[in-house]
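Presented below is the structure to which this report refers.
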Amino acid sequence: MGFTVVLSIIIAVSLFMLLPFFISDFLGQYIRNTSVIAIIEGILRVAIFVGYIVAISLMKDIKRLYMYHGAEHKCINCIERGRPLTVKDVKRCSRLHKRCGTSFLLFVVLVSVVIFFFIRVDNMALKLVIRLALIPVIAGISYELIRLAGKSDNYIVTLLSKPGLMMQKLTTKEPDEDMIEVAIASVHAVFDWKAYLKEPFGYEVDDS
């Protein structure tokens with residue numbers, strides 16, 4: 001498991017951070033405007049991320065995974081709206097959620113585009129080191145943004161959440177009832193949702 005996590009991080013950093021950097025650096029031999037190069041790098045980063053999501057969504061097993069992802073979101077939305085976790089109530093809820101990991105990853109990509117646009121270093125090695133060193137900072141900013149999005153209905157915050165919600169239309173699919181039952185059982189195993197409903201909503205859940 002540890003090896004898989006480390007390998008996944010290496011692949012993600014290489015694909016979404018380093019690949020756009022090296023492509024834009026190569027184009028820098030022909031385009032002398034640093035602002036244009038920074039914009040191209042940003043566009044490449046977003047395009048690679050979206051292309052990756054679209055490409056894996058074509059795989060049969062990933063489509064099934066996305067259905068379970070949708071079931072998970074429906075369960076969380078159901079609880080946060082003060083409804084009991086029943087198949088009927090879960091089915092009525094949205095499969096999109098502001099605090100989704102997909103939205104977080106998109107925030108990471110977009111925040112990196114903004115930050116790297118304002119960092120201008122001529123030395124390629126130093127430029128690469130700075131990009132790698134700033135990954136935790138970018139992740140931290142993205143995490144705070146997604147936390148804010150999850151607890152605020154402010155117009156600007158909602159607007160910032162729109163791209164992530166649009167991406168979730170690719171990474172979540174409508175689940176069947178069996179998948180919803182699995183998601184309900186999973187939530188029940190890790191979270192006392194009945195106590196959660198009782199405290200803020202005053203909802204008593206029949207345990208019979």
Do [X] and [Y] sit in one hydrophobic cluster, given that two such residues count as connected whenever their side-chain heavy atoms are within less than 4.5 Å of each other, even indirectly?
X    : Y    : answer
L110 : I43  : no
V6   : L132 : no
I10  : F21  : no
V121 : F22  : yes
V108 : F117 : no

Closest contact, heavy atoms only, [X] versus [Y]:
X    : Y    : value
C75  : A183 : SG-CB, 3.6 Å
L106 : G164 : CD2-N, 3.5 Å
V157 : A149 : CG1-CA, 3.4 Å
L197 : G82  : CD2-CA, 3.6 Å
V109 : V46  : CG1-CG2, 3.8 Å
L160 : F107 : O-CZ, 3.8 Å

Pairing of E80 and K98 as salt bridge, 4.0 angstrom limit: no
Short N-O contact, D89 and R92, less than 4.0 angstrom: yes
Measure from the side-chain N and O atoms of [X] to the backbone N and O of [Y], and report whether any donor-acceptor pair falls under 3.5 Å.
X    : Y   : result
S103 : R99 : no
K173 : Y66 : no
N77  : H97 : no

How about [atom1] on [X], more than 12 heavy atoms from neighbouring residues, nucleotides or ligands closer than 6.0 Å, or not?
X    : atom1 : answer
I156 : CD1   : no
M124 : CE    : yes
K127 : NZ    : yes
R120 : CZ    : yes
F191 : CZ    : yes

V111 vs V137, side-chain contact (heavy atoms from CB on, under 4.5 Å): CA-CA, chis, key distance, verdict: CA-CA 10 Å; V111 169; V137 177; over 6 Å; no
Distance check, rounded to the nearest 0.5 Å: [X] atom [atom1] versus [Y] atom [atom2]?
X    : Y    : atom1 : atom2 : value
K91  : T86  : NZ    : OG1   : 10.5 Å
M179 : L65  : CE    : CG    : 9.5 Å
K74  : L85  : NZ    : CG    : 12.5 Å
E41  : S112 : CD    : OG    : 8.0 Å
L19  : S24  : CG    : OG    : 9.5 Å
I56  : K63  : CD1   : NZ    : 12.5 Å

Worked check of side-chain contact (heavy atoms from CB on, under 4.5 Å) between I138 and F116: CA-CA 10 Å; I138 293 168; F116 294 156; 3.7 Å; yes
Side chains of [X] and [Y] in contact at under 4.5 Å (non-hydrogen atoms):
X    : Y    : answer
C100 : M167 : no
T102 : T172 : no
L134 : I119 : yes
R95  : H69  : no

Check: F16 ring centre within less than 6.0 Å of Y52 ring centre: yes
Side chain to side chain donor-acceptor pair (under 3.5 Å) involving S161 - partner list, sequence neighbours excluded: none
